[in-house]
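Everything on this sheet refers to the single structure shown next.
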Amino acid sequence: MLEFLLSTEFQLANYISIRFAQEIPEQSLFGWRIGGIELTGLLRTENTILVVTYLAHLPPEHARASYLAVSGMRNSLAMLVSAITVILSTFLEKLGTTLWIAILGGIGLILFICITPALDKRVKIEQEEGHKKAVSAETAN
C-alpha cells in the first residue's frame with residue numbers, strides 16, 4: 001500500500017516536473033539562475049537525502065533480500081500510477097490532477113503513519129540488542 005505514497009514521490013519526476021518546466025519562470029536565487037527544471041532537480045536531491053536514510057531501517061536484517069525483491073515490484077507499480085497520472089492530466093483540469101495526487105499521497109501518508117510506530121519500535125529493539133551484544137563481547141574479552 002505504500003505504492004500510493006511512492007507514486008506521489010514519482011510525480012516529482014513526471015507530472016510535477018512538467019508543470020514546473022512550463023509554469024515556473026527562471027529566477028535568481030543566491031546568484032544562481034533557477035527555473036522549473038532546476039527546481040525539480042533540487043527537490044529530488046533533497047527528497048532522496050531525506051528518504052534514503054529513513055528507508056534503510058525498514059527491512060529487518062534477516063529479511064533484506066526479500067524486501068529488496070518486493071521493493072522492485074513496488075517501484076514498478078508506483079511508476080505505473082505516476083505514468084497514469086500524466087495521462088489523466090491531459091483530461092483533468094489542473095485542480096483535478098492536483099486532487100488526484102493529493103488523494104494518493106494522503107492514502108500513502110495514512111499508511112505510513114500507521115506503520116511508523118512499529119518500525120521505530122523494531123529499530124529501537126535492534127539497537128538495544130546490538131548494544132547488548134557489544135557489551136557482552138567486551139565483557140568476554
### Summary
The remaining residues in the hydrophobic cluster of Leu99, counting side-chain heavy-atom contacts under 4.5 Å among Ile, Leu, Val, Met, Phe, Trp and Tyr, are Leu95
### Query
Under the 4.5 Å side-chain heavy-atom rule for ILVMFWY, direct or indirect, which residues accompany Ile87?
Phe91
N/O donor to acceptor pairs below 3.5 angstrom from side-chain atoms of residues 21-31, sequence neighbours left out:
from  : atom 1 : to    : atom 2 : distance (Å)
Glu23 : OE1    : Arg19 : NH2    : 3.2
Glu23 : OE2    : Arg19 : NE     : 2.9
Glu23 : OE2    : Arg19 : NH2    : 3.3
Glu23 : OE2    : Lys94 : NZ     : 2.8
Glu26 : OE2    : Arg33 : NE     : 3.2

### Task
Evaluate the side-chain contact (heavy atoms from CB on, under 4.5 Å) criterion for residues Thr97 and Leu88: first the C-alpha distance (whole Å), next the side-chain angles of each, then the deciding distance (0.1 Å), finally the verdict.
CA-CA 7 Å; Thr97 304; Leu88 283 175; 5.7 Å; no
### Query
Hey, quick one: are Leu104 and Ile110 part of the same hydrophobic cluster, counting side-chain heavy atoms closer than 4.5 Å, chains of contacts allowed?
no
#### Entry: Gap between atom CZ of Phe20 and atom CG of Leu39 - 0.5 Å precision
5.0 Å
### Query
What are the two closest non-hydrogen atoms of Ser89 and Val86, and how far apart are they?
OG-O, 2.5 Å
### Task
With rounding to the nearest 0.5 Å, note down the distance linking CD1 in Ile113 to CD1 in Ile115.
11.0 Å
